[in-house]
Novice: 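For reference, the structure I am asking about is given below.
Atoms considered below: every heavy atom in the structure, side chains included; atoms not considered: hydrogens, waters and symmetry mates. For reference, positions follow the sequence shown, starting with 1. On a predicted model such as this, the values are computed, not experimentally measured, just so you know.
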Amino acid sequence: MQEMKLKIAYYLTCFLLVFFIPMIASGFELDFPDKAVRETDASANTGGVKNASEEEPASRIAGGDAAAAETFTVRGDGKLHIYNETAGTVDELSLYDYTRGAIAAEMPPDFHLEALKAQGVASLSYALRRRQDALAAGEDYDFSADPEKRLGYTTEENARRDYGDSFEINWAKVTKAADEAVKYVMVYDGEPILAAYHAISTGMTESAENVWGGAVPYLVPAESGGDRLAPEYETTAVFSPEEVSAALVGAAPETKLPDDAGEWFSAPELTPSGYVSQIEAGGVYFTGVQVREALSLRSSAFSVSFAGGAFTFTVRGYGHGVGLSQRGADYMARQGADFRTILEHYYTGAALCLLELSG
């Protein structure tokens, strides 16, 4: 029985590495939010941020203030080896430099400080899980990223370019968040978690099983009502019948659409979180994820109507909907939640652990 459990765990891990992680690393599409999601929020409080100390990064990984029941030890040299997609090189980063760069790349600096910390811990947890799996498999690097395009993490030099005149205050705030975030890792069953995240949910996050086909115990639906207040929570995308036909047939060549475009789509079936589980078109049952990918929709939570010779997709949220919602995290922080509360809310059953280096 124990041997069978080990085999099941092994095959699930392989499934996640092959199918789940590439989606994460493209806003986890972890969903790395695009420029529209990074636009500033005028309500954010970015004032009064002091410059962080310039002590050695390794010394920051100790003595966290948030309560953590256990300690997770990072073995080896404590470095991340990341394939740089633009440069074609394998870059070596300290955990601190990666955490700070990931926060800067993945979340607007005018989000609440506690949300920035939560983002930092989530990104670092994902990186450590990938590092651990890569070491076990004897791979040449831990995972890939593109700091030039702010995919995965960015550098101080690139942040200076992107932040412009606001660099000093924004970088100081990101640094302050990283000072705390780098002390922690989210752990489930003794392992760093695959910390998926996205920009905006429907108001309830989605199960990993409904998106990638494999259940993950800590990536299950969580309430995220604050997302409904987010800018561009609901958007529309309009397509001609020719565009929709090309997209559907491209995704499934066996699709046979009737002459009347108004009859192309059935009513969608929804998951409990409000994402489309399946919708029939031209004799083919498409998943919501397939339609989203075919038409480049912001999420798979959509409804569709046909009028005036065009299809209108009304879309809620942004991203795959799994794990931490970035807008939801910002909302929770503004209601008084600290980063630990945010993380343990979105990653059900996972625990915040202190991080330490083995040598």
Novice: Could you state the interatomic distance from OG1 (Thr71) to CG (Leu355), rounded to the nearest 0.5 Å?
Specialist: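 Those atoms lie 9.0 Å apart.
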Novice: Quiz question: by atom type and distance under 3.5 Å, do the side chains of Arg292 and Ser299 form a donor-acceptor pair?
Specialist: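 No - no donor-acceptor pair under 3.5 Å links their side chains.
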Novice: Check whether any side-chain heavy atom of Asp179 lies under 4.5 Å from a side-chain heavy atom of Tyr96, and answer yes or no.
Specialist: yes
Novice: Of all the heavy-atom pairs spanning Ala145 and Gly152, show the shortest one and how long it is.
Specialist: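 Looking at all heavy atoms of both residues, the shortest contact is CB-CA, 4.2 Å.
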Novice: Would you say the side chains of Glu206 and Thr271 form a donor-acceptor pair under 3.5 Å?
Specialist: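 Indeed, the side chains of Glu206 and Thr271 share at least one donor-acceptor pair under 3.5 Å.
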Novice: For Arg75, is the CZ atom crowded, meaning more than 12 foreign heavy atoms sit under 6.0 Å from it?
Specialist: no
Novice: Evaluate the side chain to side chain contact (heavy atoms under 4.5 Å, CB included) criterion for residues Val74 and Leu128: first the C-alpha distance (whole Å), next the side-chain angles of each, then the deciding distance (0.1 Å), finally the verdict.
Specialist: CA-CA 8 Å; Val74 177; Leu128 289 174; 4.1 Å; yes
Novice: May I ask you to decide if Glu280's main-chain N or O and Ser266's side chain share a donor-acceptor pair within less than 3.5 Å?
Specialist: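 Flag set: sc Ser266 to bb Glu280 pair under 3.5 Å.
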Novice: I'd like to know if the side chain of His345 reaches the main chain of Glu223, judged simply by a donor and an acceptor atom lying under 3.5 Å from each other, with no hydrogens or angles considered.
Specialist: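 Side chain of His345 to backbone of Glu223: a pair is present.
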Novice: Between Ala301 and Thr202, what is the shortest heavy-atom contact and its length?
Specialist: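 The pair with the smallest heavy-atom distance is CB-CG2, 3.4 Å.
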Novice: Are the side chains of Phe239 and Thr312 in contact, using a 4.5 Å heavy-atom criterion?
Specialist: no
Novice: Fit a plane to each ring of Tyr163 and Trp171, take the angle between them on a 0 to 90° scale, and name the class: parallel (under 30°), tilted (30 to 60°) or perpendicular (over 60°).
Specialist: tilted
Novice: With a 4.5 Å heavy-atom cut-off, do Tyr347 and Ile342 have their side chains touching?
Specialist: no
Novice: With a cut-off of under 6.0 Å to the ring centre and 45° to the axis, is Arg130 in cation-pi contact with Phe143?
Specialist: no
Novice: With no hydrogens and no angle check, is any side-chain donor or acceptor of Asn158 less than 3.5 Å from a backbone partner on Pro147?
Specialist: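 Confirmed, Asn158 side chain pairs with Pro147 backbone.
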Novice: Evaluate the side-chain proximity of Pro241 to Trp264: yes if any heavy-atom separation is below 4.5 Å, no if none is.
Specialist: yes
Novice: For the residue pair Thr341 and Asp338, confirm or rule out a side-chain donor-acceptor distance under 3.5 Å.
Specialist: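 Indeed, the side chains of Thr341 and Asp338 share at least one donor-acceptor pair under 3.5 Å.
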Novice: With a 4.0 Å cut-off, would you call Glu232 and Arg327 a salt bridge?
Specialist: no
Novice: Does a side-chain heavy-atom distance below 4.5 Å link Ile82 with Val90?
Specialist: no
Novice: Around atom CG of Asp260, are there more than 12 heavy atoms from other residues, nucleotides or ligands closer than 6.0 Å?
Specialist: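 Atom CG in Asp260 is packed in, count exceeds 12.
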Novice: Hey, could you give me the CD/CD distance between Gln290 and Glu293, rounded to the nearest 0.5 Å?
Specialist: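 Rounded to the nearest 0.5 Å, the CD-CD separation comes out at 7.5 Å.
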Novice: If you round to the nearest 0.5 Å, how far is CG of Leu343 from CD of Glu114?
Specialist: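 Atom-to-atom, Glu114:CD and Leu343:CG are 10.0 Å apart.
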Novice: Would you name the heavy atoms of Ser273 and Met204 that are closest together and state the gap between them?
Specialist: OG-CG, 3.3 Å
Novice: Heavy-atom distance under 4.5 Å between the side chains of Gln278 and Pro268, does that happen here?
Specialist: no
Novice: Minimum heavy-atom separation for Ile200 to Pro231, with atom names?
Specialist: CD1-O, 3.8 Å
Novice: Could you state the interatomic distance from CG (Leu80) to CG (Asp97), rounded to the nearest 0.5 Å?
Specialist: 10.0 Å
Novice: Ring centroids only, cut at 6.0 angstrom: are Phe311 and Phe265 within range, meaning strictly under it?
Specialist: yes
Novice: Which residues satisfy the salt bridge (charged side-chain N to carboxylate O under 4.0 Å, His left out) test with Asp77, sequence neighbours excluded?
Specialist: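 Checked Asp77 against salt bridge (charged side-chain N to carboxylate O under 4.0 Å, His left out); matches are Arg131.
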Novice: Please walk me through it: do Glu156 and Arg161 pass salt bridge (Lys or Arg N to Asp or Glu O under 4.0 Å)?
Specialist: CA-CA 9 Å; Glu156 182 175 355; Arg161 173 200 66 197; over 6 Å; no
Novice: Heavy-atom distance under 4.5 Å between the side chains of Leu354 and Glu70, does that happen here?
Specialist: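 No, their side chains stay 4.5 Å or more apart.
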Novice: Tell me, do Tyr98 and Val182 make a side-chain contact under 4.5 Å, heavy atoms counted?
Specialist: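 With C-beta onward as the side chain, the pair stays apart.
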Novice: Could you tell me whether Phe313 and Phe302 have their ring centroids closer than 6.0 angstrom?
Specialist: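 Close enough - the centres of the two rings lie under 6.0 Å apart.
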Novice: As an exercise, state the distance from CD1 of Ile169 to OG of Ser166, rounded to the nearest 0.5 Å.
Specialist: 7.5 Å
Novice: Other residues, nucleotides and ligands only: do more than 12 of their heavy atoms fall within 6.0 Å of CD on Glu254?
Specialist: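 More than 12 within 6.0 Å, yes.
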Novice: In this structure, would Ile279 and Val249 fall into the same cluster of hydrophobic residues linked by side-chain contacts under 4.5 Å?
Specialist: no
Novice: Do you know which two heavy atoms are closest between Ala208 and Val216, and how far apart they sit?
Specialist: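 It is CB-CG2, 4.1 Å.
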Novice: Does Arg298 make a cation-pi contact with Tyr318, if we ask for NZ or CZ under 6.0 Å from the ring centre and within 45° of the axis?
Specialist: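 Yes, a cation-pi geometry holds between Arg298 and Tyr318.
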Novice: Starting from the C-alpha separation in whole Å, work towards a yes-or-no answer on ring-ring contact (aromatic ring centres under 6.0 Å, His included) for Tyr126 and Tyr197.
Specialist: CA-CA 10 Å; Tyr126 164 74; Tyr197 59 88; 8.1 Å; no
Novice: Could you grab the distance from atom NE2 of His198 to atom OG1 of Thr205, nearest 0.5 Å is fine?
Specialist: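 These two atoms lie 6.0 Å from each other.
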Novice: Using side chain to side chain contact (heavy atoms under 4.5 Å, CB included) as the criterion, list what pairs up with Thr86, not counting sequence neighbours.
Specialist: Asn84, Asp146, Glu148, Lys149
Novice: Who are the side chain to side chain contact (heavy atoms under 4.5 Å, CB included) partners of Ala177, not counting sequence neighbours?
Specialist: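 For Ala177 the side chain to side chain contact (heavy atoms under 4.5 Å, CB included) partners, ignoring immediate neighbours, are Ile103, Leu113, Leu116, Lys117.
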Novice: Taking all heavy atoms of Ala333 and all of Ala115, pick out the closest pair and write down the distance.
Specialist: CB-N, 4.0 Å
Novice: Within the distance-only criterion (no hydrogens, no angle test), does the side chain of Arg316 pair as donor or acceptor with the backbone N or O of Glu234 below 3.5 angstrom?
Specialist: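 Flag not set: sc Arg316 to bb Glu234 has no pair under 3.5 Å.
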